[in-house]
Every structure is written in structure tokens, then in C-alpha cells.
Asker: 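Dropping the structure in here first, questions after.
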Amino acid sequence: MSKKAKLITIITSAVVAVALIVLAICLVVANNNREKTQTSIMTCSTNPSIQFVLNGNDKVMRVVALNNDGKALELNASFVGLKAEDAAELFVKLSTESGKIQVNTTGTTVTISFSGLKEDYSKLKDKAVSKVNSYFDEKGIIAGAIGNVESLKESLLKLKSTASDVETKTEQELMKQYQKVADAVSKIVPNEMENFYKKYDEFYAQYLKAKKDYEDGLTYWQEFMKSLPEGYTEEKCKSAIDSLAKSWTSAQELFKKNVAGLAPTVESLQQAFNTLRNDFAKLITEYKAELEKHQTEFANNKAEIKQKIADFRASLNK
């Protein structure tokens, strides 16, 4: 092989190696992005109802209960990180073990719905339904699951979101709004959820009104500035716009504050439980120490009594 041919071979090999490295890096970056991107929502419903937010790799990123039984499952299971079909299987497993799905129940008992930013959910839907039905077959349960694809609007409304605000939104906007509502409802203690949904809608309606007032006012003053009547200056208009912006900022902060104060959070409940558990553990330790003390005293007394009996018997033999 000539020097020129060798040089071309070396350069070609180097280019291919660099291309492979770049491709590998791109794949890693793309996978990391998929892991962090909230892409889909899977809703599993029987009596417990739960929504699972999935990333681009169809793994569970977060869990949002839709009712009290769903919240009970959420608090007693680890769904995050599971593939969608495995999360669906765990959902029916726990629902069955808690008596929500009866062994001799006939007919469809579980509905698995998908929505989100993917163009095609057919394969994911079939995998989840198949996994659940395999579980039923394995356990001898006369039941079944069906799957469907719904709009993001339908998934969002299951969180009790205000319907009037979702009609004209894009899929991307609906996903963002889903996250906003889910953030508010996902940490609510079960017996407070219905009241929370009602009050949330009231506060959200106030929020939407404040937003509309701001947008309408902003449009008015922007148009007004285009042809200022005598006696008006741009400074006055800008001052009015600044005042609108401050009112809108205050409305947003008030909404956050109202929602945050609606109900005790799961964290506060968990904290109270941990305090109770620690107090109980402390009592157990104290009781064990007391018991060990009495056991030691009993053992010493037992040895002393034995000795006295032995001494008494020895005196009889003298």
C-alpha cells in the first residue's frame, strides 16, 4: 500500500471514530433529555384512580392520585422509575390485594388511558393492557383491562381543572397546565381532597379573572398610546400599565398562597407519623430496659433462693 493510500485509510478511520463518538454522545444526551421530559400521562382507573406522568422513555416521573383510594396506593407504593406497563401491573396488584378488585369479578375492571405529546400510543397501550391481563390470568382473576387514547384536555379535567381555560390551549400548553394543577393536588391528604378541588376551582377562577383584566387593560393602554388625546402623555400610560402589572403579580402571588394554605400536606402527615413512631420507639426502648432490669433482679433472686435451699438441705443432713 502506498503512503498516500495509508494516509487516506488513517484519515478515514479517524473520521469514522470521531463520528461514532459524536453519535454516542448525541444518543446519551438525547436519552438524558427524554428522561427529563414530561411527555405522556397514563391514567389507571378501577376504584382507585391514579395518573402517572411519563418521560420520553415511558418511565414514571411522578404520581398524581385522582381519589382517596388512589392516594392510599400512591402513599404505599414506589411507582417512580417504573416503565409504564410495570406501573400499570403494580397498580392492579395493589388494587387486588386491597380488595378493590375481587377475584371472582367478571367483565372489564381496569381502564388504562394514554394522552400527551406522542403521535402514536398504540404500542404503549397494548403493552400496558397485555401486562395487566397477564397478571389477572396468572392469579386466576376473572377480570380484564381495556386501553384507550384520550386528549390531554380530558386528562387535565380529571384533575378538576377549570374547563373554560383549556378549550383553546395547544398540547404543549395543556401539558404545562397539567403540571401546574398536579403540583397543587399531588400532596393533599386524602380526606381533604374533595374540599381542595372545590376551593381550588374558586381560587383559579379568581386567578383567571385577574389575568383577563390584566390582558384587557394592557391592550387598552397600548392602543390608547397610539393616538394620545390632549392632556395625556406616554408616561401616564406607562404608569397605568405598571399599575396593572403590579396588580397581576399580586394576583399570582395570592393564588399561590391560597392554594398552598388549602389543606394539610402529605409531608406534614408523614412528619406527624414519624414523630409518633419515634416516640413509640423511645417507649419500647425504655420498656425493654425496665424488663431487662427486672429479669436481672429475678435471676439474682433465683440464685440466692437456690443457695438458701441448698444451705437448708445441708443443715438437715448434719
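The structure presented is a predicted model; accordingly, all values stated were derived computationally and were not measured.
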Asker: Salt bridge (Lys or Arg N to Asp or Glu O under 4.0 Å) with D216: which residues, sequence neighbours excluded?
Answerer: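 With neighbours one apart ignored, the set is K212.
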Asker: Please lay out, stage by stage, how Q51 and T43 fare under the test side-chain hydrogen bond (donor to acceptor under 3.5 Å, both in side chains).
Answerer: CA-CA 4 Å; Q51 287 185 335; T43 305; 3.2 Å; yes
Asker: How close do S40 and Y121 get, heavy atom to heavy atom, and via which atoms?
Answerer: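 Result for this residue pair: OG-OH, 2.8 Å.
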Asker: Of all residues at least two apart in sequence or in a different chain, which pass the ring pair (Phe, Tyr, Trp, His ring centres under 6.0 Å) check with F224?
Answerer: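 For F224 the ring pair (Phe, Tyr, Trp, His ring centres under 6.0 Å) partners, ignoring immediate neighbours, are Y220, W221, Y232.
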Asker: Donor-acceptor pairs under 3.5 angstrom involving side-chain atoms of residues 81-95: please list them, not counting sequence neighbours.
Answerer:
residue: K83; atom: NZ; partner: N57; partner atom: O; Å: 2.8
residue: D86; atom: OD1; partner: K131; partner atom: NZ; Å: 2.6
residue: K93; atom: NZ; partner: E97; partner atom: OE2; Å: 2.8
residue: S95; atom: OG; partner: F91; partner atom: O; Å: 2.8

Asker: Applying ring pair (Phe, Tyr, Trp, His ring centres under 6.0 Å), name anything that partners F52, two or more places apart in sequence or on another chain.
Answerer: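 With neighbours one apart ignored, the set is F79.
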Asker: Sorted by first residue and then second, give each side chain to side chain donor-acceptor pair (under 3.5 Å) pair with at least one member in residues 235-250; sequence neighbours left out.
Answerer: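 For residues 235-250, and leaving out neighbouring residues, there are no side chain to side chain donor-acceptor pair (under 3.5 Å) pairs at all.
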Asker: Between atom CG of L156 and atom CD of E173, what is the distance when rounded to the nearest 0.5 Å?
Answerer: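 Reported to 0.5 Å precision, the distance equals 12.0 Å.
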Asker: Please examine the side chains of L54 and I41, heavy atoms only from C-beta on, and report whether any two atoms are closer than 4.5 Å.
Answerer: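 Not touching, per the 4.5 Å side-chain cut-off.
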Asker: Return the OH to OG distance between Y178 and S155, rounded to the nearest 0.5 Å.
Answerer: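 Rounded to the nearest 0.5 Å, the OH-OG separation comes out at 7.0 Å.
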Asker: Could you check if a side-chain atom of V53 sits within less than 4.5 angstrom of a side-chain atom of V60, using non-hydrogen atoms only?
Answerer: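 They are not in side-chain contact.
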Asker: For E202, check salt bridge (Lys or Arg N to Asp or Glu O under 4.0 Å) against everything at least two apart and list the hits.
Answerer: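 With neighbours one apart ignored, the set is K199.
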Asker: Is there side-chain contact between K176 and K180, with heavy atoms separated by less than 4.5 Å?
Answerer: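 No, their side chains stay 4.5 Å or more apart.
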Asker: What's the separation between atom CG in L73 and atom NZ in K100, rounded to the nearest 0.5 Å?
Answerer: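 L73 atom CG to K100 atom NZ measures 9.0 Å (nearest 0.5 Å).
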Asker: For F203 and Y200, I'd like to know if the aromatic rings sit close, meaning centre-to-centre distance below 6.0 Å.
Answerer: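 For F203 and Y200, the ring centres are not under 6.0 Å apart.
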Asker: Flag the pair K118 and D58 as a salt bridge only when some basic side-chain nitrogen lies within less than 4.0 angstrom of an acidic carboxylate oxygen.
Answerer: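 Here K118 pairs with D58 in a salt bridge, since their nearest N and O are under 4.0 Å apart.
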Asker: Can you see which heavy atom on F114 is nearest to which on A128, and at what distance?
Answerer: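 Shortest heavy-atom separation between F114 and A128 comes out as CZ-CB, 4.0 Å.
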Asker: CE of M42 to CD1 of I50: how many Å apart, nearest 0.5 Å?
Answerer: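 Separation between the atoms: 9.5 Å.
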Asker: Report the distance from atom OG of S113 to atom CD of E150, rounding to the nearest 0.5 Å.
Answerer: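 If I round to the nearest 0.5 Å, the distance is 4.5 Å.
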Asker: Show, in sequence, the C-alpha distance, side-chain angles and deciding distance for K256 and E253, and conclude whether the side chain to side chain contact (heavy atoms under 4.5 Å, CB included) test is met.
Answerer: CA-CA 5 Å; K256 291 177 183 177; E253 293 301 321; 4.1 Å; yes
Asker: Tell me if a side-chain donor or acceptor on T46 pairs with a main-chain N or O of T109 at a distance below 3.5 Å.
Answerer: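 A pair under 3.5 Å: yes.
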Asker: Do M175 and L117 have side chains that get closer than 4.5 Å, going by heavy atoms?
Answerer: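 Touching, per the 4.5 Å side-chain cut-off.
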Asker: Where is the tightest heavy-atom contact between V64 and A182, given as atom of each residue plus distance?
Answerer: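 Shortest heavy-atom contact: CG2-CB, 3.9 Å.
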Asker: N67 side chain to N47 main-chain N or O, any donor-acceptor pair under 3.5 Å?
Answerer: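 Yes: the side chain of N67 pairs with the backbone of N47.
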Asker: Taking the side chain as every heavy atom from C-beta outward, state whether T37 and N55 have any atom pair closer than 4.5 Å.
Answerer: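 Side-chain contact under 4.5 Å: no.
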Asker: Supply the atom-to-atom distance L244 CG to L218 CG, rounded to the nearest 0.5 angstrom.
Answerer: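 The CG atom of L218 is 7.0 Å from CG of L244, to the nearest 0.5 Å.
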Asker: I would like to know whether Q177 and V166 meet side chain to side chain contact (heavy atoms under 4.5 Å, CB included); could you show each step before the answer?
Answerer: CA-CA 9 Å; Q177 183 169 340; V166 302; 3.9 Å; yes
Asker: Can you tell me if Q179 and R62 form a side-chain donor-acceptor pair at under 3.5 Å?
Answerer: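 R62 and Q179 do have a side-chain donor-acceptor pair below 3.5 Å.
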Asker: Taking only Lys NZ, Arg NE, NH1 and NH2, and the carboxylate oxygens of Asp or Glu, determine whether K71 and E74 approach each other closer than 4.0 Å.
Answerer: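 Salt bridge: yes.
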Asker: Considering only heavy atoms from C-beta outward, does the side chain of E167 approach that of K153 to under 4.5 Å?
Answerer: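 The answer is yes; the side chains approach within 4.5 Å.
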Asker: Any side-chain heavy atom of Q222 sitting closer than 4.5 Å to one from M225?
Answerer: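 Side chain of Q222 against side chain of M225, heavy atoms only: no contact under 4.5 Å found.
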Asker: If we only count heavy atoms from C-beta on, is the I112 to K125 side-chain gap below 4.5 Å?
Answerer: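 They are not in contact (no side-chain heavy atoms under 4.5 Å apart), so the answer is no.
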Asker: Set out, in order, the CA-CA distance, both residues' side-chain angles and the distance that settles side chain to side chain contact (heavy atoms under 4.5 Å, CB included) for I101 and V110, then state yes or no.
Answerer: CA-CA 9 Å; I101 298 176; V110 179; 3.9 Å; yes
Asker: For a quick test of reading the model, state the closest non-hydrogen atom pair linking V132 to A145 and the distance between them.
Answerer: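 Shortest heavy-atom contact: CG1-CB, 3.7 Å.
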